[in-house]
There are 2 protein chains.
Amino acid sequence: MDLTTKLTAAAERLFDRHGYMATGMDRLTEAAGMSSRTLYKHAGSKAQLMARVLSERDRRFMARLEVQTVDALFAALEDWVRVEGTRGCLFLRSRAETGGDTPEIAEAVAAHKAAFHQRIVEVVAAELGRQDPVLAEQVLVLLEGATHAAIYRGADAVSAARAAAAILIERAQS
Amino acid sequence: MDLTTKLTAAAERLFDRHGYMATGMDRLTEAAGMSSRTLYKHAGSKAQLMARVLSERDRRFMARLEVQTVDALFAALEDWVRVEGTRGCLFLRSRAETGGDTPEIAEAVAAHKAAFHQRIVEVVAAELGRQDPVLAEQVLVLLEGATHAAIYRGADAVSAARAAAAILIERAQS
DNA sequence: ACCAATGTAAAACGTTCGTTTTACATTGCA
DNA sequence: TGCAATGTAAAACGAACGTTTTACATTGGT
C-alpha cells in the first residue's frame with residue numbers, strides 16, 4: 001500500500017475515534033508506521049492532513065449516495081453506520097473542534113455539505129418528478145438527525161428516520 | 001455576580017465557540033477575569049469545569065422543553081437557536097472531542113441525552129393519549145437533525161423539521 | 001484588633017504539542 | 001558506478017499545555 005494512503009487511513013481512524021485536537025502527531029507516526037520526517041513530507045501539516053482525510057471521506061460517502069430514491073439514501077446510511085460506526089459527522093465535528101478557524105478544514109467541510117445538500121435535492125426531484133426544496137430540507141434534517149441520534153440511540157434512529165421519510169414522500173406524491 | 005457563575009458562563013462561551021480542547025486555561029482566566037489560582041479553586045480541573053458547564057446547560061435547555069405539545073418542542077428549539085446560535089450540540093461535541101475517555105464529561109452527556117429522550121417520550125404520549133416509541137424516536141431524530149442541519153442550513157432547517165413533525169403527529173392521531 | 005478566608009499577580013512545574021533537523025541506510029534509475 | 005530520491009531513527013526546537021506554588025493584598029466576622 002502507498003504510504004500516503006496508509007497515512008490518510010491511519011489519520012482518519014484516529015481523528016474519528018479520539019478527536020482531531022486530542023490526537024498527537026506521535027500517536028499518528030506510530031499508527032501509520034513511519035517516521036515523523038516521512039509523515040510531514042506526505043502530510044504537509046496536521047491541518048492539511050485532516051483536510052485530505054475529509055476529502056477522501058467525502059469521496060467514499062458520496063459514492064454511496066449515488067442512488068435513485070430517497071429510501072435508498074437511508075439504506076445507504078444504514079450501510080454506512082454499520083461499517084463506520086456511530087460517532088456522528090466527522091465534518092461537523094472537525095469544524096467545531098477548530099471553531100471554524102482552520103481554513104483547509106472549513107473549506108473541506110463546506111464543500112462536502114454543499115455536495116450533500118445538492119445530492120438530496122436531486123434525489124427528491126427525481127422521485128417526485130419536480131423540485132421540492134422543503135421536502136429536500138426535511139430529508140436532509142432526517143439524515144443529519146439519524147447520523148447524530150444514532151450516537152446514543154443506536155441504529156434504531158436510522159430506521160425511524162427512514163420510516164418518517166417514507167411517510168413524507170408518500171404524502172408529497174399524492 | 002458570583003465568581004463560580006462568572007467562570008462557568010465564560011467557560012461555556014469559549015468551549016462552545018472554539019471547542020473544548022482548543023480552549024486553553026490562560027484564555028479562560030482572561031475571559032473570566034480572575035487569577036488561575038482562583039479559577040482552579042472554583043473549577044477543580046478543566047474536565048470538571050466542562051462537566052459543570054454541561055449540567056448548567058442541561059438545566060437551561062431542559063427548562064425550555066417543559067411544554068405540552070410536540071410543536072411546542074420545535075418552537076422551543078427555534079427560540080434556543082435564536083439565542084444561542086447554531087453550532088450544534090455541545091454535549092455530543094464535547095464527548096466526541098474527548099473520545100468518550102473523560103468520565104465526568106461522558107456522564108454529563110449520558111445524563112442529558114437520557115433526560116432529553118425521556119422528555120420527548122412524555123410529550124408524544126401526552127399529545128397522542130398513548131405511548132408511541134417509534135414516533136418519539138422520529139421526533140428525537142427531527143430535533144437532533146434540526147440542531148445539526150442548522151449549522152450549515154440555518155434556521156430554515158428547524159422550521160422544516162417542525163413541519164415534518166406536524167405531519168407525522170397528524171397521521172398518528174387519526 | 002485579629003485571624004481566617006478569599007482574592008491577585010506571576011513565576012515555575014514537568015509534559016506534551018506540532019514541526020524541523022541531523023545523521024545515516026536503502027534503493028532504483030541513468 | 002554513482003547520484004538522486006526516499007526512507008528510518010532520534011534528538012532538538014520553541015511554544016503552549018494543565019496545574020501548582022510562592023508571595024502578598026484585601027476584607028468580613030467574632
Side-chain angles (χ1 to χ4, degrees), chain A residues 1-54 93-108, chain B residues 1-54 93-108:
Chain A
M1 183 165 45
D2 177 58
L3 274 185
T4 296
T5 307
K6 198 164 105 182
L7 169 58
T8 307
E12 178 171 7
R13 181 161 211 282
L14 290 181
F15 289 159
D16 183 42
R17 289 187 134 71
H18 306 291
Y20 170 68
M21 285 290 187
T23 301
M25 297 304 267
D26 49 348
R27 258 172 110 186
L28 217 43
T29 60
E30 197 192 338
M34 63 185 65
S35 67
S36 69
R37 197 179 204 273
T38 305
L39 186 148
Y40 271 93
K41 171 170 280 189
H42 290 84
S45 68
K46 193 186 185 185
Q48 286 172 45
L49 177 56
M50 180 48 128
R52 200 138 42 67
V53 163
L54 291 178
R93 283 161 51 202
S94 59
R95 196 170 71 129
E97 275 206 62
T98 56
D101 295 334
T102 308
E104 302 101 312
I105 294 176
E107 284 157 22
Chain B
M1 182 166 43
D2 176 59
L3 275 185
T4 296
T5 307
K6 198 163 102 181
L7 169 58
T8 307
E12 179 170 6
R13 182 161 210 280
L14 290 181
F15 289 157
D16 183 42
R17 288 187 135 71
H18 306 290
Y20 170 67
M21 285 290 188
T23 301
M25 296 306 264
D26 49 348
R27 259 172 109 185
L28 217 43
T29 60
E30 195 192 339
M34 62 185 64
S35 66
S36 68
R37 196 178 205 273
T38 305
L39 187 148
Y40 271 93
K41 171 171 280 191
H42 290 84
S45 69
K46 193 186 185 185
Q48 285 170 45
L49 176 56
M50 180 46 128
R52 199 137 42 68
V53 163
L54 290 178
R93 283 162 50 203
S94 59
R95 197 170 70 130
E97 276 208 61
T98 55
D101 294 335
T102 308
E104 302 101 311
I105 294 176
E107 284 157 22

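Sequence lines set the chain letters: A, B, ... in the order given, protein chains first and strands last, and positions in each chain run from 1.
For residues 9-36 of chain B, the set of pairs meeting the ring-ring contact (aromatic ring centres under 6.0 Å, His included) definition, not counting sequence neighbours, comprises Phe15(B)-Tyr20(B).
Side-chain proximity of Ser35(B) to dA9(C), dT20(D), dG7(D): nearest is dA9(C). Comparing atom distances between the Met34(B) side chain and each of dT19(C), dT8(C), dA11(C) picks out dT8(C) as nearest. Proximity note for His42(B) (side chain, C-beta onward) versus dG7(C), dT19(C), dG18(D): the nearest is dG7(C). Listed nucleotides: dT20(C), dT8(C), dT6(D). Nearest to the side chain of Lys41(A): dT6(D).
Remark: C1' of dT6(D) and CG of Leu7(A) are 15 Å apart, rounded to the nearest angstrom. Atom pair Leu39(B):CG and dT20(D):C1' shows a separation of 13 Å (rounding to whole Å applied). Atom-to-atom, CD of Gln48(B) to C1' of dG18(D) comes out at 13 Å; the value is rounded to the nearest Å. Taking atom OH of residue Tyr40(A) and atom C1' of nucleotide dA9(D), one finds them 17 Å apart after rounding to whole Å. Whole-Å rounding puts the Leu3(B) CG to dT26(D) C1' distance at 14 Å.
Interface remark: the Ser36(A) side chain does not form any donor-acceptor pair with the dT19(C) base, using a distance-only criterion of under 3.5 Å. Within 3.5 Å, a donor on the side chain of Arg37(A) pairs with an acceptor on the base of dT22(C), or the reverse.
At least one donor-acceptor pair under 3.5 Å links the side chain of Arg93(B) to the backbone N or O of Asp16(B).
Closest of all the heavy-atom pairs between Leu7(B) and His42(B) is CD2-CB, 3.9 Å.
How far CE of Met21(B) is from OG1 of Thr98(A): 14.0 Å, rounded to the nearest 0.5 Å.
Among the heavy atoms of the strands, none lies under 4.0 Å from Gly44(B).
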Close N or O pairs between protein and nucleotides 14-17 of chain C (under 3.5 Å):
| unit_1 | atom_1 | unit_2 | atom_2 | d |
| --- | --- | --- | --- | --- |
| dC17(C) | OP2 | Asp26(A) | OD2 | 3.2 |

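Side chains of Thr102(A) and Arg95(A) form no contact here, defined as non-hydrogen atoms less than 4.5 Å apart. With contacts defined as side-chain heavy-atom distances shorter than 4.5 Å, the pair Glu104(A)/Met50(A) does not qualify.
Between Thr38(B) and Tyr20(A), it is Thr38(B) whose nearest contact on DNA chain C lies nearer the 5' terminus.
For Thr4(B), the side-chain hydrogen bond (donor to acceptor under 3.5 Å, both in side chains) test picks out no residue, with sequence neighbours left out.
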